[in-house]
Amino acid sequence: MTHETTTTIPAVSAHEVYDRLLRNRQRLIVDVRNEDDFQRWRIEGASSLRTVNVPYFDFLEEEEASVASVPADAEALVVCAKEGSSQFVAEILQSHGYQVSYLADGILSWGNLYDARDVINEPFGRIVQIARPARGDLSFVVISDGEAAVIDPLRHIEHYLDAAGDARITHILDTHAHADHISGGPALAEATGSPYYLHPYDAIHPIDMLPATLPYESLSDGQRFQVGQFEVRVIWFPGHTLGQVNFLFIAPTGQRYLFSGDGLFLRSFGRPDLGGQAEAWTPLLYDSLTRRLPAHVDDETTVLPAHFSTLDEADERGVFSATFGRLRRENAAYRYDSLETFTDFIRQHLPYFP
């Protein structure tokens, strides 16, 4: 069936979709991929986002019923694998009176989206947050006096080279050996000649105990660096992994910025079971959260984690951060007044072991 449209249906880039989601201006997504693909992964936003899955072939076979399953009270963004199917469905919806747009280049453009924006830009230095929203991943570039440190880089290293600009990358820092994505640290080190830093406990596989074969510089608790005008302190934070560390960047004006990796998020904390030793690592995690970390940071320290859960966690600038004081009041990690109650929570809420 041919559907004539009265206006050109806008193709929206992944960057624009992300901006819409951050500003809560995209309230409805119609995903026309097969159900299996939709269940495997999808575009996620704030809690106000509604997403419906109506496969493309349903529109071909049962147009009226498929259209009726799409809410009509918000502009719909139609998403498919490559673009063509979403454009076709958007035409159908528009012919039925819907306000509609579609994702340019399909959902892979969303999966490959990296978003860079400033956390701070001050005379003493700049902190750039680089988010990969499809994965909920956050990484950072800290620039000061012509030097740059890259923290928890993902595998597409060109984004960090772009963010650093003319600054020389002097430190490539992983807070831990990541289980949910490929680190760009070794590739970035090879490309720039800069050292790649990792705690040695995370250079040993937690299951088979085999050592890493890639080159790295060892991190240790209390170690200090200088990146431009920032003093950097290494805080060992075992629990999510045995070698998890936090990096505390201290500006010359006294402001403190804690890169917490997968130890402490804005609403929750890192799971302690990825080494297959949840019973042994849970007490380490509790000690890191309640004793190790508070010994090094104050309530005004800005915490910058390596992941977010939903876009509700971002501020009006699209930055994912909070003061440590706020996290002590609101984060799930600090609801438990003893190791016993914390351990009970962990036992009851551990997800499936990958």
Side-chain angles (χ1 to χ4, degrees), residues 18 21-22 40-47 49 110-117 119 127-142 150-156 159-160 163 172-185 198-199 202 235 237-241 243-249 257-275 278 281 285 288-289 293 297 301-315 317-324 326-327 330-334 346 349-354:
Y18 187 52
L21 292 171
L22 285 171
R40 190 173 299 116
W41 75 293
R42 70 197 76 169
I43 296 176
E44 297 181 88
S47 56
L49 177 68
W110 175 256
N112 291 327
L113 173 65
Y114 282 70
D115 175 83
R117 58 188 65 209
V119 177
I127 299 177
V128 182
Q129 170 192 279
I130 299 179
R132 190 178 183 189
R135 302 290 301 271
D137 289 331
L138 298 168
S139 47
F140 302 90
V141 178
V142 182
V150 181
I151 301 160
D152 288 333
L154 306 177
R155 66 187 181 94
H156 299 101
H159 300 285
Y160 306 97
I172 302 166
L173 307 169
D174 258 343
T175 55
H176 65 294
H178 301 272
D180 51 5
H181 64 256
I182 298 171
S183 170
L198 183 70
H199 194 285
D202 272 17
I235 304 169
F237 191 102
H240 175 63
T241 67
Q244 157 92 37
V245 300
N246 291 347
F247 298 107
L248 181 63
F249 278 63
Y257 304 91
L258 182 79
F259 298 91
S260 59
D262 284 10
L264 182 63
F265 305 128
L266 298 188
R267 292 181 176 172
S268 61
F269 51 90
R271 57 192 289 184
D273 67 313
L274 293 181
W281 288 11
L285 178 60
S288 292
L289 288 164
L293 187 56
V297 300
T301 299
T302 298
V303 179
L304 298 159
H307 290 287
F308 63 88
S309 298
T310 73
L311 293 188
D312 294 293
E313 297 175 28
D315 64 17
R317 302 174 300 145
V319 171
F320 296 86
S321 69
T323 64
F324 182 63
R326 175 184 156 194
L327 296 187
E330 301 177 5
N331 190 285
Y334 296 101
I346 294 292
H349 292 85
L350 279 180
Y352 174 75
F353 183 76

OG1-CZ distance between T175 and F247, expressed to the nearest 0.5 angstrom: 6.5 Å

Under 3.5 Å, is there a donor-acceptor pair between the D180 and H307 side chains? yes

Is the shortest heavy-atom distance from the side chain of Y18 to the side chain of L311 under 4.5 Å? yes

Quick one: salt bridge (charged side-chain N to carboxylate O under 4.0 Å, His left out) partners of R135, sequence neighbours excluded? none

What are the two closest non-hydrogen atoms of G243 and D202, and how far apart are they? N-OD1, 2.7 Å

Just so I know, are the side chains of L350 and P272 near enough to count as touching, which here means a heavy-atom distance under 4.5 Å? yes

Test log, rule side chain to side chain contact (heavy atoms under 4.5 Å, CB included), inputs L154 and Y160: CA-CA 9 Å; L154 306 177; Y160 306 97; 3.5 Å; yes

Identify, with sequence neighbours excluded, every residue that meets side chain to side chain donor-acceptor pair (under 3.5 Å) alongside H156. Y114

Tightest non-hydrogen contact, residues G45 and L21, listed as CA-CD2, 4.5 Å

Starting at CZ of R132, measure out to CG of D115 and round the result to the nearest 0.5 Å. 13.0 Å

Sole residue of T241, D152, D262, N246 in side chain to side chain donor-acceptor pair (under 3.5 Å) with H176: D262

OG of S139 to CG of D174, rounded to nearest 0.5 Å, is 10.0 Å

Side chain to side chain donor-acceptor pair (under 3.5 Å) involving S288 - partner list, sequence neighbours excluded: none

Without swapping roles, check the side chain of R117 against the backbone of V319 for a donor-acceptor pair under 3.5 Å. no

Output yes when a side-chain donor or acceptor of H240 lies under 3.5 Å from a complementary backbone atom of R271, and no otherwise. yes

Note, F324 side chain near L258 side chain (heavy atom, < 4.5 Å): no

Between I43 and L49, which heavy-atom pair has the shortest distance, and what is it? O-CD2, 4.2 Å

Which pair of non-hydrogen atoms, one from L138 and one from A131, has the smallest distance, and what is that distance? CD2-CB, 3.7 Å

Work out which heavy atom in F265 is nearest to a heavy atom in L327; give both atom names and the distance. O-CD1, 3.9 Å

Is the side chain of Q244 donor-acceptor paired with the backbone N or O of S260 at a distance under 3.5 Å, no angle test? yes

Between CZ on residue F259 and OG1 on residue T302, distance to nearest 0.5 Å: 9.5 Å

Separation between CD (E313) and CG (L266), nearest 0.5 Å, reads 5.0 Å

Okay, side chain of Q129, backbone of L304: is any donor-acceptor separation there less than 3.5 Å? no

Compare every heavy atom of R267 with every heavy atom of N331, then report the nearest pair and how far apart it is. ND2-C, 3.3 Å

Is a donor on one side and an acceptor on the other found under 3.5 Å between the side chain of Y334 and the backbone of L289? yes

Any side-chain heavy-atom pair of S47 and T310 under 4.5 Å: no

Within this structure, what is the CD1-CZ distance for the pair I151 and F249, rounded to the nearest 0.5 Å? 4.0 Å

Going through the distances and angles, do F269 and I346 end up as a side chain to side chain contact (heavy atoms under 4.5 Å, CB included)? CA-CA 11 Å; F269 51 90; I346 294 292; 3.5 Å; yes

